[in-house]
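Just so it is clear: chains get the letters A, B, ... in the order the sequence lines come, proteins before strands, and each one is counted from 1.
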Amino acid sequence: MEYNFREIEPKWRKIWADEKTFKAEENSAKPKYYVLDMFPYPSGAGLHVGHPLGYIASDIYARYKRLQGFNVLHPMGYDSFGLPAEQYAIQTGQHPAITTAENVERYRDQLDKIGFSFDWDREVRTSSPEYYKWTQWIFKQLFDCYYDNTTNKAERISKLIAEFEENGNAKVNACSDCETLFTAAEWNAFNEKEQDTILQAYRLTFLADSWVNWCPALGTVLANDEIVNGVSERGGHPVEQKLMRQWSMRIKAYAERLLTGLDGLDWTESIKDIQRNWIGKSVGSSIQFKVDGQFELTTQGGNIENDIYIEVFTTRPDTIFGVSFMVLAPEHDLVDQITTPEFTTQIADYKKSASLKSARDREADVKNISGQNTGAFAIHPFTGEKIQIWIGDYVLVSYGTGAVMSVPCGDQRDYDFAKHFGIEIKNIFENVDVSEAAHTEKAGTIANSGFLNGLEVKAAMKKAIEAIEAKGIGTGKTNYRLRDAVFSRQRYWGEPFPVFYKDGLPHLVEDKFLPITLPEVDKYLPTEDGAPPLARAEKSAWNHFEGDHMEFNTMPGWAGSSWYFLRYMDPKNESEFVNRKKADYWKQVDLYIGGSEHATGHLLYARFWTKFLYDQGFIGFDEPFQKMINQGMILGRSSFVFRVNNENKFVSNSLKSQYNVTPLHTDISLVDNDKLDIEAFKNSREEFKNAEFICEENGDYICGSEIEKMSKSKYNVQTPDELVEKFGADTLRMYEMFLGPLEQFKPWDTKGINGVHNFLRKLWRLFHDADGNVSLSTDEPSKDALKTLHRTIKKLTDDLDRFSFNTGVSNFMICVNELTEQKCNNKAILTDLVVLLSPYAPHISEELWEKLGHKKGTISYAHFPQFDESLLVEANHAYPISFNGKMRLKIELPMSLSSKEVEEAVLANADAQKWLEGNAPKKVIVVPGKIVNIVM
RNA sequence: GCGGAUAUGGUGAAAUUGGUAGACAUGCUAGACUUAGGAUCUAGUGCCGUGAGGCGUGUGGGUUCGAGUCCCUCUAUCCGCACCA
């Protein structure tokens, strides 16, 4: 019988599904292992060959771990809320739930064909009410907590309220946007609205007016990580800044823990660096500069104060004596108050022109130096000198305090600004020339700096901070670039908030009413007055309605994906998001596989929520993904035809330079090895029916090609389905692994797929005689066969342990080539071989396992063969003999010889003598069992 | 500008601790066989050279008996961040 994968593969997939072969249970004596893939968004386009790459790798690993005796959790689900289903709904009126269900079904169908060992009983979908009930519940927990910087964890807001009632907020050390101080008496006197506003400034998820990235084309706000190069990640639409009342997540509270937690994770340095960069910690100090003059101001408490202080953040307090001016962001609150009358017009003009520039223009405009003097002066806290105050758009209102102390000798931007406006540049570095450029290195000796003179930078920093603190004008401080994450989206197809409003104040819906399900609406568009789609819902359309109205926003895409790995542990629990005992059993994800594009989105948010849930005692670990591997993208290879401009004529690749042509993407299914199937091309579209072709000399039309991302619009999508149909799932699995290292980006190319397919046929032949009947020997295995097998066991184990799946495939090929050479049909040898192979090619392995006499049961829980080193011991070694490092010949010598004996034997050898040309060697290096090098 | 990654035959790639560079596969060349099959088998295939031999892992240097691997320099490509004070 031939290797008939079309029969074998569906047979085993049915058995696995019927028998629930891969069901994971908590009550097991085996050690646990959790292998997780980043779950997909089920798009309408279906899977292309790039999607399964990571899934295949994780499946191989999961199957390997099962064979090693682990209790493996290997689930799959769908991140099923998202924009495309909603946009389809807007266009067609079809409910996104229907589109999503159809897409999920298609995905499932495609995934099933590849033979994954998922426990489908644990499937989750973020868009199902049973799931998002708990997303809403976690939101409620966040709302009910604040971050205490003293206990360094999230605490209940009730604890904070008790403290306010008792002592006000003077002693509270929390992560908060609240800038005012109040006493207990004041707190108790505040009305409900005032209290709510203050509490919002502490809650871990909170409602606030904040500057958000508004995308008019999509009609929604976007998170920073959803914007790429100033335009929306989806669709590439422009984005502008807008002040809106929005839910946010106080992820800032976790900045330090998100940073230090990275050290213990087994992730690539590059992903860790991206997160470190995104968190952007800088250590320095805040310093208050008094503005010269008297001002009439009224502070919140009603007291009159006459002094204005400008607070700056600096990472270089040691350069305080180098300050020769200050710059405020144009949007800084104090600008108008301090501007002197003669500069009012200029300042107003500058502010206006700065506000007209979009964030993108401002970025593009980096080279142009602009700014405006306010006419005001600040008093240097140590020298008492008067220093000019400017505004300039190189200072960002959103970072630090929106104001900087400018030290032109130590900062290049300050230097350029000073040069441009003719401001004094003081040099405070010993033996450093600052006539051409600033001295930006954090090294050297400080001079012209009063009490800091003669100190090294590091010591000077310490002393400067001490002096600043002693003077009461500032303090050592750490700043983070990480911003709080906007959590509201003006969309339909997302989780509704468990929130209603009464008298303008937000209230949480009680747990017993959860989930708040998505209400039906007549259209999936914003209302005429710009409210989100949910505002269209009738009161009766809500499954629970309270107060004046429900929250109209929905949660962003990353809400559901921030905790889904926990739900797999206990997917059907109706009373908890996950049972603590089950979470304690499965613990962290041991191996997480997915793309690196989620570095600043999903991976950061999931870490944040995990830490929060840990703080609140719901789970016992505070990092979700212990080890992560980021698979590289598989790129498509697009084909082009070249249309002669203004004619229905196409010219072949090598002749195109003789014409004015426009390249057109052509469907890769019409092209084989760059050769266009002209007839099929003509029939593909009406307009090509009568097209003419200018071909190569041999009559072929050759297409051009380019490596690009796979996408429908580029007609370069290769689906896994076609390949499974042609070659089988086992071939596809092995071929995707054989393409190259998992982490690498690589273009898709089917050139080598025959090689892998032939390998499986060759394996099949080892079990069968010339007539196709199973023919196995039960004799003692030969020495050679044992050697081949055990070498393979060793290499395969090493390959799997370091996730080198491509070399694993090569090693199987080498093994089967050798066994074929040896004409080995030994049952014992082949039994171990199929077990080894089963993670990579499970279908054929199950079939051969059955042929080996295992009438019942599956290979999935067999024992991974043990490597026996003694079988590989060789009596002799063919020593490569190098002369001055160049390998010239090999001499076979017994392994038992000592270095000295090897040296003697080599020097006595006639061939070696020839290379020595009669000279005595200067030196002979012998590495026993490895190599000999003769230095002449 | 800052940070990270990568660079090896016609092609995808291998070489885990410094020790035979190019395994495995593909492509190509020549041949065999045939049930004409994306089959199987044999031989060859880094470059230059008829040959002996020489040269070869992006560039230039260094350490070493020995470097794809370690150190320094430069270049190219890709990714992330970016007036972050």
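A sub-4.0 Å separation between OP1 or OP2 of B:A85 and a side-chain N or O of A:Asn479 is absent. OP1 or OP2 of B:C84 lies within a sub-4.0 Å distance of a side-chain N or O belonging to A:Arg413. Under 4.0 angstrom from either OP1 or OP2 of B:A13 there lies no side-chain N or O belonging to A:Thr807. Taking 4.0 angstrom as the limit, A:Gln744 places a side-chain polar atom (N or O) nearer than this to OP1 or OP2 of B:A13. OP1 or OP2 of B:A25 sits under 4.0 Å from a side-chain N or O of A:Asn817. Neither OP1 nor OP2 of B:A85 sits under 4.0 Å from any side-chain N or O of A:Arg481.
In the set B:A23, B:A85, B:U20, the nucleotide with an atom closest to the side chain of A:Tyr399 is B:A85. Comparing B:G80, B:A14, B:G19 by their nearest atom to the side chain of A:Asn277 picks out B:G80. For A:Lys751, counting side-chain heavy atoms from C-beta on, the closest listed nucleotide (B:U11, B:A14, B:G80) is B:U11. The side chain of A:Asn933 sits closest to B:G66 out of B:U20, B:G66, B:A85.
Without hydrogens or angle criteria, A:Ser406 side chain to A:Pro408 main chain gives no donor-acceptor distance under 3.5 Å. Put simply, the side chain of A:Asn716 never gets that close to the backbone of A:Ser639: no donor and acceptor are under 3.5 Å apart.
As rounded to the nearest Å, B:G22 and B:G10 have P atoms that lie 15 Å from one another. For the C1' atoms, the distance from B:G56 to B:A7 is 16 Å, rounded to whole Å.
Nucleotide B:G18 forms a pair with no other nucleotide shown, judged by Watson-Crick or G-U wobble geometry with both contacts under 3.5 Å. Nucleotide B:C28: paired with B:G44 (Watson-Crick or G-U wobble, both distances less than 3.5 Å). Applying the Watson-Crick and G-U wobble criteria (two distances, each under 3.5 Å), B:G9 pairs with nothing in any strand. Across the strands present, B:A67 finds no partner; the criterion is a Watson-Crick or G-U wobble pair with both atom distances under 3.5 angstrom. Figure legend. B:C78 is base-paired to B:G4; pairs are counted as Watson-Crick or G-U wobble with both atom distances under 3.5 Å.
Taking atom CG of A:Asp393 as the reference point, atom P of B:A85 lies 17 Å away to the nearest angstrom.
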